[in-house]
Structures are given as C-alpha cells and as structure tokens.
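First up is the structure itself, then whatever we jot down about it.
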Amino acid sequence: MDENEVPELSDDEKKLFEDLMPEDLNDILDTGVNRRHFLKLMSLAGSGLLAAQSAVAEQLFTKPIGLPTSAELAPASVENGVNVAFKVNGAARKLLVDSRMTLLDTLRERLELTGSKKGCDHGQCGACTVILNGQRVLSCLTLAASCEGKTVQTIEGLAQGSGSTVRLHPVQEAFLKHDGFQCGFCTPGQICSAVALIDEAKRGDASYVTADVRKKAAPLQLSTEEIRERMSGNLCRCGAYANIVAAVQEVQHGKPVEQTFRFSA
C-alpha cells in the first residue's frame, strides 16, 4: 500500500466509529485513523466500552496509523518555525522545524531515521548518540536549529551499500563478532560513540584518564581503561560492557582480540 493511501475501513469498523466517535467519523473517512483517533479508541477500550465489539477493535489496532509525513507538516502546524539545512548520512536535507525541537526528534519523527533511540531523553544514557561534524553528541540535548550547515551521521549511515551488497562498518562487524549487545536498544548509540571514539584516538584527543594531557601523541593506542572511560557515557542495562570494550579494542588496535569469559564455579 502506498504510504499516502488511506486504509479503507470495513462496514463493521465504520459502525464502530459511528457509535463511539461520531464527531470524528467524517475526518476518519477522509484521512484515515491518525494518532489522536487511535489514542481515543484506546481510552474507550480501557473503560470497557469496546467489550461488545472487541473483534472489530482488534482489527483496527493492527492497521497502520496515518501519520503526517515531513512534507505534510505545513508552516501553520509548526510553532516558532526555523528553516534548517544540513546533511544527514550524506544526503542534503532542508526542513522547517520548531526552534525548540531536538535533533533526536527531528531524526526520528521528521526524517524517519529511528535507529537513534530515545532512552532517558535527559542526556544520561547515550542511546541517542550520533556523530555531528565528526564529533559524537547526544542528539536529545542538541537542538536541530543548531545543526544548520552541519553534517550528521547516524547508525543508518555507517554501513555501505544495500541489500545483498551491504558492507557493515568495521565497528558493526566487531560488535557482532564479540556479542556487544543483548537487547540492542543501546547498540546504535554505543556503535556511533565507538566510531567517533576511534577517530578521537587518531587525532590524539585526551580523556579523563590520559596520563599527560600536555603531551599530544597521535594516533593513540587505547588501553582497556581508556576505552572504558571514553565509552562511559553510553549505558548498557544488559551489562555487555566487556564485549563492547573488546569490539572497540579490536577495531582500534587493528588486530583480533580474544574474548575471555569468566564463569563462577
């Protein structure tokens, strides 16, 4: 189905909306079920009003929700709008965004790049990490308006090619090899952070545990302690830290790292 095509409602579904949401019926028939309609229907389900028509409601809940695309967001629907032109994963993009909109929300909601995750939304977990002009940033704390003329790289832009010819970034391959993830929610931020970290080491950038910050030697060979410190802003609730460090170390050192697992008797 075309992304702009309105899903057709069955007679039973039309009857459901006519009985429970008559004030929204014409809007639904014209544009389809949007997020507001869906949430309203969910609230009715929670109050038990859908018990007699549960089968029809279940069909509705599994249908795609009509959400506005970036092209459909007219200037009148954007408050405090500013035009932002920047590159995302090599492609030039120009958007009208709310001046208060974060880069994370812009990527996820306007550009449909949902790889960057919204974890804490307070800059504390690192799941939203992206690379901005070669530096890793927390996209939940970065205003989209501040990215004018800049280059953004997200997890979607690391691999090269597509389909059967896709070639993963070395860090992605190392994460797979060393099982650097479990649930995977933090993984996009972990990988983007690791890619930027390796570039930092090439430049000789110091960290909190650098022995002599006045002596800038590039490129750096990062120790386990250095990698742990530099990756400390990316949290993993599953606890795959040892595997993540091994993956980063393998790519940064350019040679295989043997993973050792410790078992308690």
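Values below: all heavy atoms of this structure, side chains included; hydrogens, waters and symmetry mates excluded.
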Going through the distances and angles, do Glu226 and Ser207 end up as a side-chain contact (heavy atoms from CB on, under 4.5 Å)?
-> CA-CA 7 Å; Glu226 276 274 14; Ser207 78; 2.7 Å; yes
Worked verdict on Leu197 versus Leu222 for side-chain contact (heavy atoms from CB on, under 4.5 Å) | CA-CA 10 Å; Leu197 177 157; Leu222 300 181; 3.4 Å; yes
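Environment of CZ in Arg167: sparse, with no more than 12 heavy atoms of neighbouring residues, nucleotides or ligands closer than 6.0 Å. Within 6.0 Å of atom NZ in Lys177, more than 12 heavy atoms from other residues, nucleotides or ligands are found, so the atom counts as buried in its surroundings.
Side-chain atoms of Arg93 never come within 3.5 Å of backbone atoms of Phe86 as a donor-acceptor pair (strictly under, hydrogens ignored). Without hydrogens or angle criteria, Asp121 side chain to Cys140 main chain gives no donor-acceptor distance under 3.5 Å. Without hydrogens or angle criteria, Glu148 side chain to Ala85 main chain gives a donor-acceptor distance under 3.5 Å. In this structure, Asn133 contributes its side chain and Thr151 its backbone to a donor-acceptor pair below 3.5 Å. A distance-only check finds a donor-acceptor pair linking the side chain of His169 to the backbone of Val171 [under 3.5 Å]. In this structure a side-chain-to-backbone donor-acceptor pair under 3.5 Å is missing from Gln172 to Ile191. The backbone N or O of Leu220 sits less than 3.5 Å from a side-chain atom of Gln252, completing a donor-acceptor pair. Ser139 contributes a side-chain N or O that, together with a main-chain N or O of Cys128, makes up a donor-acceptor pair within less than 3.5 Å. Within the 3.5 Å criterion, the main-chain N or O of Gly189 finds a donor-acceptor partner in the side chain of Asn234. Between the Ser193 side chain and the Gln190 main chain, no donor and acceptor come within less than 3.5 Å of each other.
No chain of hydrophobic side-chain contacts below 4.5 Å, direct or via other Ile, Leu, Val, Met, Phe, Trp or Tyr residues, connects Val195 to Leu235. Taking hydrophobic clusters as Ile, Leu, Val, Met, Phe, Trp and Tyr residues chained together by side-chain heavy-atom distances below 4.5 Å, Ile131 does not share a cluster with Leu143. Under a hydrophobic clustering in which Ile, Leu, Val, Met, Phe, Trp and Tyr are joined whenever their side-chain heavy atoms come within less than 4.5 Å, directly or via other members, Leu104 and Leu158 fall into different clusters. Placement of Val248 and Val257 in two distinct hydrophobic clusters is found when ILVMFWY residues are connected by side-chain heavy-atom separations under 4.5 Å, directly or transitively. Met101 and Leu138 are members of different hydrophobic clusters when ILVMFWY side chains are connected at heavy-atom separations under 4.5 Å.
Put simply, CG on Leu107 and CD on Glu156 are 8.0 Å apart, with the number rounded to the nearest 0.5 Å. Considering CG of Leu168 and CD of Gln160, their distance stands at 10.5 Å, rounded to 0.5 Å. The CD atom of Gln221 lies 9.0 Å from the CD atom of Gln249; values are rounded to the nearest 0.5 Å.
If you check the side chains of Ser223 and Glu225, you find no donor sitting under 3.5 Å from an acceptor.
Using a 4.5 Å heavy-atom threshold, the side chains of Val84 and Thr106 count as separate. With a 4.5 Å cut-off on side-chain heavy atoms, Thr187 and Ile155 do not count as touching. Side-chain contact between Arg136 and Arg230 is present, with at least one heavy-atom pair separated by less than 4.5 Å. Considering only heavy atoms from C-beta on, Phe181 stays 4.5 Å or farther from Cys238 through its side chain. The closest side-chain heavy-atom distance from Thr102 to Leu141 is not below 4.5 Å.
Listed here is the closest heavy atom pair of Cys120 and Gln124: SG-N, 3.1 Å. In this structure, Gly119 and Phe185 approach most closely via the heavy-atom pair CA-CE2, 3.8 Å. Minimum heavy-atom separation, Ala247 to His178: CA-CD2, 3.8 Å. Nearest heavy atom pair, residue Ser146 against residue Thr142, reads OG-CG2, 3.7 Å. Looking at every heavy atom in both residues, Thr154 comes nearest to Cys192 through C-SG, 4.0 Å. The shortest heavy-atom contact between Ala218 and Gly204 is CB-N, 3.8 Å.
A search for side chain to side chain contact (heavy atoms under 4.5 Å, CB included) contacts involving Val245 returns Thr224, Ile227, Arg228, not counting sequence neighbours.
With Val137 as the fixed residue, the side-chain contact (heavy atoms from CB on, under 4.5 Å) test singles out one of Leu132, Thr129, Val152: Leu132.
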